[in-house]
Each structure stands twice: as C-alpha cells, then as structure tokens.
**Student:** 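Got a structure for you, questions after.
So you know, we letter chains A, B, ... as the sequences are listed, proteins then strands, and number each from 1.
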There are 2 protein chains.
Amino acid sequence: MNVHTGTDASGYVTSETPPEAKRPRAPSIRDVAKLAGVSHQTVSRVLNNHPSIRDETKSRVLAVMGELQYRPNRAARALVTSRSRTIGVLTSHRSEYGPASSIQAIEEAAVLQGYLVVTANAEGADSHSIARAITHLLDQAVEGIVVIAPQVRVFDTLAEMQLDLPFVTLQSTGRLNDHALSVDQMTGARLATRHLIELGHRGIYHLAGPQDWIEAEARMEGFLREMGDQDVPTTAPILGDWTAEFGYHAGRELLRVRDFTAIFSSNDQMALGLMHAIHDEGLDVPRDISVVGFDDIPEAAHFWPPLTTVRQDFAELGRRCVALLIDHDELPEGTDAPGSVIPTLVVRSSTAPPSA
Amino acid sequence: MNVHTGTDASGYVTSETPPEAKRPRAPSIRDVAKLAGVSHQTVSRVLNNHPSIRDETKSRVLAVMGELQYRPNRAARALVTSRSRTIGVLTSHRSEYGPASSIQAIEEAAVLQGYLVVTANAEGADSHSIARAITHLLDQAVEGIVVIAPQVRVFDTLAEMQLDLPFVTLQSTGRLNDHALSVDQMTGARLATRHLIELGHRGIYHLAGPQDWIEAEARMEGFLREMGDQDVPTTAPILGDWTAEFGYHAGRELLRVRDFTAIFSSNDQMALGLMHAIHDEGLDVPRDISVVGFDDIPEAAHFWPPLTTVRQDFAELGRRCVALLIDHDELPEGTDAPGSVIPTLVVRSSTAPPSA
DNA sequence: CCACTCTTTGTGAACGTGCACACCGGCACT
DNA sequence: AGTGCCGGTGTGCACGTTCACAAAGAGTGG
C-alpha cells in the first residue's frame with residue numbers, strides 16, 4: 001500500500017520548501033473576469049447561465065475558464081447561497097446488495113442534478129447509532145435525507161431531534177400515512193406467494209425481514225393478504241434479519257417439524273441460507289421444498305438451484321427518491337409518486353409443484 | 001413513496017408564507033460569541049481547541065453552543081482554510097460486496113478523523129467514465145483519492161489530467177513501484193493454490209479477474225508463483241470480469257474438455273457461477289471438481305456446497321487507506337505501509353482430494 | 001519600578017461566490 | 001423630444017469562518 005503524488009519527477013533534492021513555491025491559489029471567478037475583460041459578476045452569470053448575457057461575452061468567458069482550468073468553488077457558493085446542494089443517505093447494512101445498488105442509483109441521479117451525496121451508515125441500526133448518523137449528515141448541511149434503513153426508528157429519531165428536514169424513503173411509511181403501504185413491494189410479495197399457491201403448495205412459510213423496515217413489513221403484508229385472498233391457511237411469519245446466516249438457522253429449526261412444502265423468503269440472502277439448511281438435511285430444492293426469494297441479486301441466478309425470486313429495480317427506486325427529494329416542493333403535498341416501480345417475478349429452478 | 005417534512009403538524013392552513021417566517025438563519029459563531037459574552041475569535045478557538053484558553057471561558061462557550069444547537073459551517077471553514085477535509089473514493093462495481101464494504105470502512109475511518117467521504121463510480125471502467133468520475137471528485141475539492149477500480153487506467157487518467165493529488169489504492173501498484181506487488185493479496189492466492197496442491201490436485205485452473213485491477217493481477221501472480229514453486233504444470237489463467245455470470249460461462253466452456261480437477265477463482269462470485277456450471281453438467285463439487293474462491297463474502301458460507309475461500313479484511317484495508325491518505329506526509333516517502341493485512345484461508349466444503 | 005514574557009482575549013481583514021441594486025444604451029411608444 | 005422599458009453589464013456587500021496581528025493583564029527578574 002502506497003501513497004503517490006501525481007508528479008513525482010520534480011527535481012528537488014532538498015526537502016526545504018522549493019523557492020517561490022507558495023501553492024498558487026486556484027483561479028477564482030475574479031481571475032477569469034480580469035482575463036476576459038469583464039466583471040466578476042458577469043462570470044458568475046455565465047456560471048449560472050443567466051438568460052441575459054450576450055453570446056459573444058459568454059463564449060469569451062467560457063474560453064478563459066477552459067484556459068485557466070477554472071472550477072467553481074463549492075464552499076464559497078454554499079456559503080453565500082446557504083444551500084449545500086447536498087443530500088444525505090442514511091443506511092444500515094450498506095454493503096449488502098440492495099442498499100448498495102440503491103445508493104449507487106441515488107448518487108448517479110443526484111450528480112446529474114448537480115447534487116452531492118453524502119452517506120452515513122447506522123451500523124447496528126439502534127437509536128444511538130442512527131442519531132449519530134443523522135448528526136453526521138446534519139454536519140454536512142444536507143438539504144434532505146434518503147432513508148434506507150429501519151425507517152420507523154429513523155423517523156422517531158428524526159422527530160425527537162425536531163428537525164424540519166425533508167426526507168424520503170424507498171417506500172411510503174405506512175405510519176405517517178395511516179398504513180398506505182406502497183403497492184409495489186406488496187405486489188411483489190403477492191406475486192411470489194401466488195406463484196407458490198398456483199404450483200399447488202398449501203403449507204407455506206414466510207421468512208420476513210426486521211419489522212421496522214418498511215420493505216419487510218410490506219412484503220409480509222403482501223404475503224398475508226395473498227394467502228388470505230386465496231384461502232390458504234397461514235402460519236405466523238418468522239422474523240429474520242436479512243442475513244444468509246439467519247436463513248440457515250431458521251431453516252434448520254423449521255425442518256425439525258417439516259409441516260410445509262414451500263418457503264417465501266423476504267430477500268435472496270435468507271433464501272440462500274434456507275436452501276443451505278435444506279441441503280444439509282439431505283433434502284432437495286425444489287423436489288422436497290420450494291423456495292422463493294426477493295430482490296434478484298446478481299448471484300441469485302447462480303445459486304444452486306438457481307433461485308426463483310422477485311426482481312426489484314433498485315436503480316429506478318434510487319432515481320425516484322432523488323427526483324422526489326430535489327423537486328419535492330413542486331409536487332402537490334402528500335401525493336404518492338406517480339407510477340410505482342412494479343417488481344416482476346423471475347421463475348428459475350427453486351420452485352416446483354409439491355411432490356405428491 | 002412520499003416526502004415528509006419533519007413537523008407536519010403546523011397549524012397553518014393557508015399556503016401563504018406564514019407571517020414573520022423568514023427562515024431563521026442558523027446560529028453562527030458570532031451569535032454564540034454574543035451570548036457567551038466573548039469575541040467570535042474566542043469561540044473559534046474553542047472550536048479548534050486552541051491551547052491557551054481559560055477553562056472557564058471554554059466551558060461557558062461550550063454551554064452556549066449546546067443551548068443554541070450550534071453547528072460549525074463547513075462551507076465557511078473550507079472557504080477560509082482552503083481545505084475541504086474531503087476525500088474521494090473512486091470505484092467501479094461499487095455495489096458488489098468487496099468494494100461496498102471497503103467504502104463503508106473508508107467512510108467510517110474518515111468520519112472519525114473529521115473527514116467527509118465523497119464517492120464516484122466509474123461504471124464501465126473505461127477511460128471516459130473514469131475521467132468523468134475524477135472530475136466529479138475534483139469538483140468537490142477532494143484532498144485525496146482512494147482508488148477501488150481498475151487502477152492502471154485510473155493512474156493513466158490521473159497522470160493525463162496532470163493532477164498533483166495524493167491518492168492511495170488498496171494495493172501498491174506494481175507499476176509505479178516496479179512490480180513490488182503487495183504481499184497480502186499474493187499470499188492469499190498462494191494459500192488457496194497451496195491448499196489445492198496439498199490436497200493432491202495437479203490439473204488446476206485459475207479464473208482471474210480483469211488484469212488492470214491490481215488485486216486481480218496480484219492474485220494471479222500468487223497463483224502462478226505457487227504453482228511454479230511446487231513444480232505443478234500451469235495452464236494459462238482465464239481472464240474474467242468478477243461476475244457470477246462470467247464464471248458460469250467460463251465453467252461451461254472449461255468442462256467441454258475437463259482436463260482439470262480444481263479451479264481457483266479470483267473472487268467468490270465467479271466461483272459461484274463456476275459451481276453452477278459444474279452442477280449443470282451433473283457433476284459434483286467437490287467430488288469431481290474442487291473450487292476455491294476469494295473474498296469470503298457473507299454468502300459464501302451458504303453456497304452449495306459452502307465455499308472454501310480466502311478471507312479478506314476489507315474493513316481493515318479501508319481503514320489503512322484513510323490513515324495513509326490523511327497523514328501521508330508524516331510517513332517517509334515511498335515506504336510500504338507497515339504490516340500488511342494478511343488474508344486467511346477458510347476451508348469449507350467445496351474442496352476435497354481429487355477422486356482417484 | 002521598569003522591561004520583558006506569557007497567557008488570554010479582541011479587532012479587522014481576508015476567502016470566492018451570489019444577490020440587490022445601479023447604470024448605460026437602445027428601442028418603442030406617446 | 002421625452003418617457004418608460006429591457007437587455008446587458010458593473011459595484012459593493014454579505015455569507016461564517018480562520019488568520020495575522022495587537023492589546024490587556026498577570027507574572028518574573030533585575
């Protein structure tokens with residue numbers, strides 16, 4: 001591991017400060033102005049492409065900017081406008097596939113709008129670390145927060161801190177909105193559940209995620225409703241923690257009774273652990289037990305057997321979050337985003353009709 | 001999906017601006033000063049805990065800060081000090097486990113030092129998108145860059161742009177340093193290879209990563225050296241792209257000849273694809289073919305069969321990067337970081353002696 | 001008691017940008 | 001010709017912080 005500075009070929013041998021070094025201050029708006037023979041304000045106008053500026057002036061200024069390699073100073077701008085053009089992302093489990101790809105999409109979308117993204121991970125997801133994460137974001141003067149985390153607790157903490165900050169989550173909350181759970185996640189869960197029912201399964205378990213995650217709640221809700229609608233007797237879902245490890249142990253536990261022929265897992269990782277447990281018992285997927293996941297992480301197609309799962313368009317979700325956050329005041333207050341992202345069922349080889 | 005503003009319970013019905021609203025400017029250093037009965041400079045000194053300040057004064061100022069919920073304005077500070085206290089992370093494949101967890105570690109370490117982390121993803125990893133990513137980082141006035149990407153190209157681009165910016169990579173480059181490849185990655189690869197050789201395998205393939213990733217190069221180098229040292233005839237490594245998908249197709253291809261009994265894959269995802277291909281052919285892992293991965297992603301323990309792999313301490317790597325970057329001028333120029341992170345071999349069930 | 005130092009505090013000027021306002025010239029309308 | 005307006009440009013200040021410098025008070029040594 002090494003540190004490099006770009007140009008290492010300088011001829012200096014002495015470690016004294018090279019004569020007349022005095023790191024030559026980056027060019028400012030005024031330097032550009034002087035060289036272009038205009039006032040700094042004109043340069044500023046070019047920068048913010050103000051309408052009334054003569055084309056010729058504009059191009060002259062732009063030319064000088066290129067020549068000087070001018071870069072607007074974000075700090076100065078933030079200082080005077082008192083707008084940071086920064087949005088914060090609050091996560092937990094940020095290195096897992098779902099959150100990670102959402103972050104990526106958020107970042108891409110934000111950059112496109114000239115915004116900066118700052119992330120803060122609340123490992124452990126307890127109130128304390130959530131508060132710490134929020135504080136970090138606040139220190140960066142974020143203008144809004146995207147929440148990819150146990151939202152209930154985040155909301156509570158946010159309220160506790162009495163912040164008047166716009167925030168947005170990957171799903172509508174079901175709390176502030178009186179259980180107006182977002183359709184998409186639920187639809188996905190229903191899709192998965194229906195698939196199992198249509199294959200002929202009746203003993204179906206649901207391995208849910210932590211219930212203070214809205215996604216988890218919505219998926220569970222979808223499962224329960226679909227089971228209800230189709231008059232299939234339902235057993236209580238098991239509450240997991242998203243990890244393969246948990247899926248494995250839950251599987252071991254479940255298989256001691258084995259009063260089921262299918263499991264719908266709230267994400268792909270837990271499904272993987274589940275299949276591991278099933279294999280460990282000498283059973284086969286899908287012959288003995290069918291498994292459905294959720295998310296369609298890139299690896300899911302190569303699990304053994306390849307996993308039937310629900311594909312989530314994380315990127316699209318991320319993009320919408322940003323859109324909503326950035327021009328949220330242009331939307332009528334309280335309306336849901338038009339056209340939810342609809343997840344699709346990807347049928348692979350981990351599901352089959354129950355074996356007689 | 002919904003946008004919320006923290007306090008929604010305000011009594012206003014009209015959407016007119018509430019009387020005397022004028023968003024009450026966040027408290028500044030001067031507000032604190034006034035209330036504490038000192039000068040703004042004294043407050044500043046408390047902030048930067050300057051040595052010569054009376055304890056009593058200090059605590060009084062701190063008290064007022066707490067009372068006012070004062071937060072230092074980062075932009076103002078950056079403006080005057082012309083230091084952004086920001087470091088950039090340049091990635092590609094950022095949502096994959098390895099990069100993602102490194103980023104997380106980097107961020108944690110950076111925050112601890114009062115630094116901000118900005119990420120930029122060069123999707124596609126071509127020169128153009130790398131340049132774009134670097135530009136984005138530059139716009140944030142980053143003070144240094146951590147590279148988690150095809151480093152060769154990043155270095156070239158950096159050089160092309162003639163930037164005098166400290167940067168650090170997860171591994172020393174092998175280019176600038178005349179092939180002083182970092183030991184750790186190589187050691188890991190040797191560990192994996194030796195494990196296979198010791199089990200009795202002789203026909204061993206290596207599925208490598210893209211060769212402009214230093215990690216990939218180092219792992220391949222480790223494989224080749226170990227094979228050489230142990231006098232095992234070597235076949236040319238296959239160059240992959242880190243994805244399970246590629247591993248699968250490479251596996252299908254390889255199995256048409258089947259002149260091997262073991263494969264060492266440069267990461268876990270490709271190993272997963274490989275095992276998928278092997279299963280597809282009706283073969284068994286490890287009975288017919290042994291597979292070793294690299295990284296030990298959390299899912300690896302639950303692959304079928306559970307994957308023998310090399311554990312990487314991404315978090316530690318991230319932490320070191322930051323340490324190196326932030327106080328890099330305190331280290332003697334050009335020395336490697338003391339005590340590389342040594343990866344360990346995790347033996348699970350995907351490896352066994354060759355079947356006769 | 002003076003000269004000096006050291007600690008603790010204050011004063012004023014930057015930093016680079018955007019905003020409010022003023023200014024100038026030309027055109028259209030009266 | 002005067003009045004008003006509009007496109008295009010310039011002037012000065014403000015944003016919140018740190019830095020360089022100075023000043024006031026306390027202590028110390030001769």
**Student:** Looking at D:dG7, I'd like to know if its phosphate oxygens (OP1 or OP2) sit under 4.0 Å from a side-chain N or O belonging to A:Arg54.
**Tutor:**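 False: A:Arg54 side-chain N/O out of range (4.0 Å or more) of D:dG7 OP1/OP2.
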
**Student:** Does B:Asn49 use its side chain to pair, donor to acceptor, with the backbone of B:Val46 at less than 3.5 Å?
**Tutor:**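 Such a contact is absent between B:Asn49 side chain and B:Val46 backbone.
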
**Student:** Just verifying a value: how many Å separate B:Glu107 CD and A:Thr119 OG1, rounded to the nearest 0.5 Å?
**Tutor:** 3.5 Å

**Student:** Can you tell me which nucleotide in C:dT7, D:dG16, C:dG16 comes closest to the side chain of A:Ala76?
**Tutor:** C:dG16

**Student:** If you only use heavy atoms from C-beta on, which nucleotide in C:dT17, D:dT17, D:dG16 is closest to the side chain of B:Pro72?
**Tutor:**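 Minimum distance to the B:Pro72 side chain belongs to D:dT17.
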
**Student:** Send over the distance from A:His50 NE2 to C:dG18 C1', rounded to a whole Å.
**Tutor:** 12 Å

**Student:** Classify the side chain of B:Arg30 versus the base of D:dT17 as yes if they form a donor-acceptor pair under 3.5 Å and no if they do not.
**Tutor:** yes

**Student:** Taking the basic N atoms (NZ, or NE/NH1/NH2) and the acidic carboxylate oxygens, is any pair closer than 4.0 Å for A:Asp126 and A:Arg153?
**Tutor:** no

**Student:** Please give, in whole Å, the distance from C:dT17 C1' to A:Arg74 CZ?
**Tutor:**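 These atoms are roughly 13 Å apart.
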
**Student:** Grab the CG-C1' distance between A:Asn73 and C:dG18 for me, whole Å please.
**Tutor:** 13 Å

**Student:** What contact category does B:Ser52 fall into here, base, sugar-phosphate, or nothing, at under 4.0 angstrom with non-hydrogen atoms?
**Tutor:** base

**Student:** Hey, which of these two, B:Ser39 or A:Arg71, hits DNA chain C nearer its 5' end, going by closest nucleotide?
**Tutor:**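 The 5'-side residue here is B:Ser39.
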
**Student:** Does C:dC15 have OP1 or OP2 under 4.0 Å away from a side-chain N or O of B:Arg77?
**Tutor:** no

**Student:** Verify the neighbour count for atom CD of B:Glu123: are there more than 12 heavy atoms of other residues, nucleotides or ligands below 6.0 Å?
**Tutor:**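 Correct, the count exceeds 12.
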
**Student:** Using whole Å, what does the distance between atom C1' of nucleotide D:dT18 and atom CG of B:Leu47 come to?
**Tutor:** 10 Å

**Student:** Taking only the side-chain nitrogens and oxygens of A:Thr57, find out if one of them lies under 4.0 Å from OP1 or OP2 of D:dT9.
**Tutor:** yes

**Student:** Provide, to the nearest angstrom, the distance between the CZ atom belonging to A:Arg83 and the P atom belonging to D:dA14.
**Tutor:** 23 Å

**Student:** Are A:Ser52 and A:His50 close enough that a side-chain donor and a side-chain acceptor fall under 3.5 Å?
**Tutor:** yes

**Student:** C:dC15 P sits how many Å from B:Leu79 CG, rounded?
**Tutor:** 9 Å

**Student:** Can you tell me the distance, in whole Å, between the CG atom of B:Asp31 and the P atom of D:dG16?
**Tutor:**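 Atom-to-atom, B:Asp31 to D:dG16, this comes out as 8 Å.
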
**Student:** In whole angstrom, give the distance that lies between atom NZ of B:Lys58 and atom C1' of C:dT8.
**Tutor:**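 Rounding to the nearest Å, NZ of B:Lys58 and C1' of C:dT8 are 14 Å apart.
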
**Student:** Quick one: does any side-chain atom of A:Thr42 pair with a main-chain N or O of A:His40 as donor and acceptor, under 3.5 Å?
**Tutor:**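 Judged by distance alone, no pair lies under 3.5 Å.
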
**Student:** Does a side-chain heavy-atom distance below 4.5 Å link B:Arg94 with A:Ile103?
**Tutor:** yes

**Student:** Any donor-acceptor pair under 3.5 Å linking the side chain of A:Ser92 with the backbone of A:Ala149?
**Tutor:**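 Not at all, since once roles are kept as given, no pair shorter than 3.5 Å links the two residues.
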
**Student:** Looking at D:dG10, C:dG18, C:dG10, which one has an atom nearest to any side-chain atom of A:Thr42?
**Tutor:** D:dG10

**Student:** Go along nucleotides 19-25 of chain D 5' to 3' and tag each nucleotide: B for a protein heavy atom under 4.0 Å from its base, S when only backbone or sugar atoms are that close, - otherwise.
**Tutor:** BB-----

**Student:** Base, sugar-phosphate or nothing for B:Ile53? Non-hydrogen atoms, less than 4.0 Å.
**Tutor:**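 Sugar-phosphate contact only - B:Ile53 comes under 4.0 Å of backbone atoms but never of a base.
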
